[in-house]
Amino acid sequence: MKTLKLTAVMSATMLMGTLAPAQVFAQETQGTIGMLQSNGSGPVRFSLSSGAALCGVVGAGTPAHGEITVGQSGVTAEGAKTMLALLVGAKLAGKAVKVYANNGNGSVWGCSIFAVEIP
């Protein structure tokens, strides 16, 4: 029962807090979370366990990685926290996630992720 409630609350929060209407939708990819990384400057980087590309090639970057960064692709601090919570929860539960990427923004680490969904 607790898992169901948590999933419903997290999904509702994601839908209300992270989808920005002005996003340049570039790619949608689904899979389970592989690597999950963060550092002191704040961005969260991750990949899917299948190695599926989360975005097209961005500069010299690794296209299999996505990056959640406050200020990129309309991501707010609250939205980044919500997406991180969804990624961690999905990783721990072994659930698949659907990731929405914006190829127009990003870094050498990958493209900018603006929404995460647990289907």
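The shortest non-hydrogen separation linking A77 to V70 is CA-CG2, 3.7 Å. Nearest heavy atoms, V75 versus F114: CG2-CA, 4.1 Å. Between I113 and G66, the closest heavy-atom pair is CG1-CA, 3.7 Å. Of all heavy-atom pairs between R45 and M35, the closest is O-SD, 3.9 Å. Taking every heavy atom of both residues into account, V97 and P119 meet most closely at CA-CD, 4.0 Å.
No side-chain heavy atom of Q30 sits under 4.5 Å from any side-chain heavy atom of E117. Put simply, the side chain of T32 does not reach to within 4.5 Å of the side chain of L48, judged on heavy atoms.
For S38, there are no side-chain hydrogen bond (donor to acceptor under 3.5 Å, both in side chains) partners, not counting sequence neighbours. Not counting sequence neighbours, the partners of T69 by the side-chain contact (heavy atoms from CB on, under 4.5 Å) test are P43, E67, Q72.
A side-chain donor-acceptor contact under 3.5 Å links K91 to the backbone of G34.
Remark: S47 OG to I33 CD1 distance equals 8.0 Å, nearest 0.5 Å. Taking OH from Y100 and OG1 from T29, the interatomic distance works out to 10.0 Å, rounded to the nearest 0.5 Å.
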